[in-house]
Amino acid sequence: MLETVWFCIWGFTWAVYFMLDGFDLGIGSMQPILAKNNRDRRDLYLSMGPFWDANEVWLVAAGGITFAAFPSFYASMFSALYSPLMLILFALILRAASIEFGEDASSPAWKSIWQWCLALSSFLPAFLFGVIFANIFLGMPIDASGIYNGPVTKLLNSYTVAGGTLFVLIFALHGCLWITVKVQGPLQARAGRWAVLIWHATLVMAVVFLSLSAAKTDLFGIYMRHWAFWFIPLIFVVAMSMTRLWIGQAHWLKAWWASCISILSLVTFGLAGLYPFLLKSSLDKTFSLTIHNAASSPMTLKIMLAVVLVFVPIIIIYQGWVYLFFGGKTDEDTYPKH
């Protein structure tokens with residue numbers, strides 16, 4: 001029972017991270033396309049300025065929970081996925097520098113350099129997170145010791161590239177919608193037009209990814225055994241439909257919330273299909289890591305559960321306050337230049 005509770009907590013932290021930091025990554029990826037002048041760039045920086053570092057708290061929480069609750073999975077994951085995980089780490093460091101220095105850069109050359117650094121350092125994590133989770137869904141050549149046996153290039157194939165592309169697109173859509181909520185004028189209109197285009201591309205890629213999931217993985221197994229679980233992909237379909245409807249009506253905040261739900265339901269779909277596995281072995285099913293054979297001791301799980309029940313609500317309350325306090329449009333009065 002404790003293992004299942006911790007699997008749900010682990011999945012919850014990842015889903016919330018993708019929902020929140022997803023719009024930051026999307027804004028960064030889309031910045032070279034959306035920003036036509038210095039004012040546009042400044043508005044983009046300000047639209048995510050009060051939020052991006054707090055959003056990454058959920059990434060730290062997800063990593064910490066993985067280590068504390070499922071240490072064997074944590075070790076095997078870093079063995080198998082060391083290269084993409086380190087690339088994500090370096091990209092996030094570069095992204096932080098790009099946001100801080102890009103806003104204050106004085107020369108056009110440096111502004112352009114930091115602009116492209118932000119785009120690259122936002123695109124890479126989005127794509128690689130999709131690749132990583134697609135590999136987890138697909139299964140990897142893990143031996144009895146939890147060691148990855150295969151070339152790094154094996155991590156990239158049609159299915160994992162589709163997963164990475166879907167993450168890039170859904171985050172770009174999420175980011176464009178956040179911009180429409182936070183800004184006004186030509187930049188808002190431009191972001192809205194791009195949101196329509198990206199919505200169609202996201203829908204196509206979602207169909208491709210789900211079709212490949214049905215052909216190459218066992219994600220749909222739990223849905224075939226328990227029909228009640230079909231409400232999860234149904235929520236994704238409804239959320240995507242409402243996103244498009246509210247974009248057309250220029251109800252930007254509603255569209256952004258619908259996008260949030262689509263991301264949450266997409267992540268939940270994958271994790272529900274994965275349960276009770278954490279990392280499937282393509283060499284031998286008995287080598288696979290599950291929530292049972294990869295979990296910490298019951299005492300550790302109980303202690304950590306008490307910690308989580310105290311601190312996670314505090315984080316949620318704090319972030320809720322931040323979003324309420326900085327929830328208005330980006331302007332000189334709300335965000336004075338420092």
Side-chain angles (χ1 to χ4, degrees), residues 13-14 16-38 40-64 66 77-78 81-135 152-153 155-156 160-161 163-176 178-179 182 191 194 198 263 322 330 335 337-338:
T13 54
W14 278 112
V16 172
Y17 168 68
F18 289 140
M19 180 186 72
L20 295 181
D21 209 32
F23 73 77
D24 289 338
L25 296 172
I27 292 171
S29 300
M30 294 295 295
Q31 186 195 190
I33 297 173
L34 294 175
K36 301 301 183 181
N37 50 53
N38 289 337
D40 286 349
R41 277 190 286 271
R42 182 170 180 272
D43 282 344
L44 292 181
Y45 284 125
L46 292 178
S47 68
M48 57 182 171
F51 311 104
W52 69 270
D53 49 353
N55 292 341
E56 290 190 352
V57 169
W58 291 98
L59 177 61
V60 176
T66 306
M77 184 175 67
F78 269 88
L81 301 166
Y82 181 82
S83 295
L85 287 171
M86 290 305 296
L87 282 174
I88 289 173
L89 175 61
F90 293 143
L92 293 177
I93 293 171
L94 178 60
R95 185 169 73 121
S98 302
I99 293 172
E100 295 297 334
F101 294 128
E103 185 180 355
D104 295 327
S106 55
S107 71
W110 275 109
K111 283 185 179 294
S112 179
I113 289 171
W114 288 121
Q115 178 185 17
W116 285 103
C117 284
L118 178 59
L120 177 63
S121 59
S122 299
F123 171 84
L124 268 181
F127 180 75
L128 291 175
F129 274 127
V131 168
I132 286 171
F133 272 87
N135 271 288
V152 175
T153 54
L155 298 176
L156 288 176
T160 60
V161 170
T165 305
L166 178 58
F167 268 51
V168 169
L169 289 172
I170 203 166
F171 289 169
L173 172 61
H174 204 41
C176 285
W178 181 252
I179 293 168
K182 296 293 291 179
W194 273 101
I198 298 171
I263 292 174
V322 170
T330 60
Y335 303 107
K337 188 170 179 61
H338 57 274

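Residue numbers count from 1 along this sequence. Note that the structure is a prediction, hence the values are computed from the model and not measured.
Annotation: side-chain hydrogen bond (donor to acceptor under 3.5 Å, both in side chains) contacts of Trp52 (sequence neighbours excluded): none. The side-chain contact (heavy atoms from CB on, under 4.5 Å) search around Val322 returns Phe51, Tyr318, Phe326, not counting sequence neighbours. In terms of the side-chain contact (heavy atoms from CB on, under 4.5 Å) criterion, residue partners of Leu85 (sequence neighbours excluded) are, by chain and number, Met77, Phe78, Leu81, Ile132. Among residues two or more places apart in sequence or in another chain, the ring-ring contact (aromatic ring centres under 6.0 Å, His included) test is passed with Tyr17 by Phe129.
Rounding to the nearest 0.5 angstrom, the gap separating the CD1 atom in Ile263 from the CG atom in Leu20 is 9.0 Å. To the nearest 0.5 Å, the span separating CZ on Phe127 from CG on Leu166 amounts to 11.5 Å. In this structure, Leu89 CG and Leu128 CG are separated by 12.0 Å, a value rounded to the nearest 0.5 Å. Taking CG of Leu173 as the reference point, atom CZ of Phe23 lies at 13.5 Å (rounded to 0.5 Å). To the nearest 0.5 Å, the span separating CG on Leu92 from OG on Ser98 amounts to 11.0 Å. We find the CG-CZ distance between Asn55 and Phe18 to be 13.0 Å, quoted to the nearest 0.5 Å.
Closest heavy-atom contact between Thr160 and Val131: O-CG2, 3.5 Å. Minimum interatomic distance between Cys176 and Trp194 (heavy atoms only, all atoms of both residues): SG-CB, 4.1 Å. Of all heavy-atom pairs between Ala126 and Phe171, the closest is CB-CD1, 3.6 Å.
Using a 4.5 Å cut-off on side-chain heavy atoms (C-beta onward), Thr66 and Trp14 make contact.
Side chain of Ser122 to main chain of Ala119: no donor-acceptor pair is present (N/O by atom type, distance under 3.5 Å, no hydrogens or angles).
Applying the salt bridge (charged side-chain N to carboxylate O under 4.0 Å, His left out) test to every pair with at least one member in residues 19-33, sequence neighbours left out, gives these pairs: Asp21-Arg95.
Counting non-hydrogen atoms of other residues, nucleotides and ligands closer than 6.0 Å to CH2 of Trp58 gives a total above 12.
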Under 3.5 Å, sequence neighbours excluded: what are the donor-acceptor pairs made by side chains of residues 27-35?
from  : atom 1 : to     : atom 2 : distance (Å)
Ser29 : OG     : Leu25  : O      : 2.9
Ser29 : OG     : Phe123 : N      : 3.3
Gln31 : NE2    : Gln115 : O      : 3.4

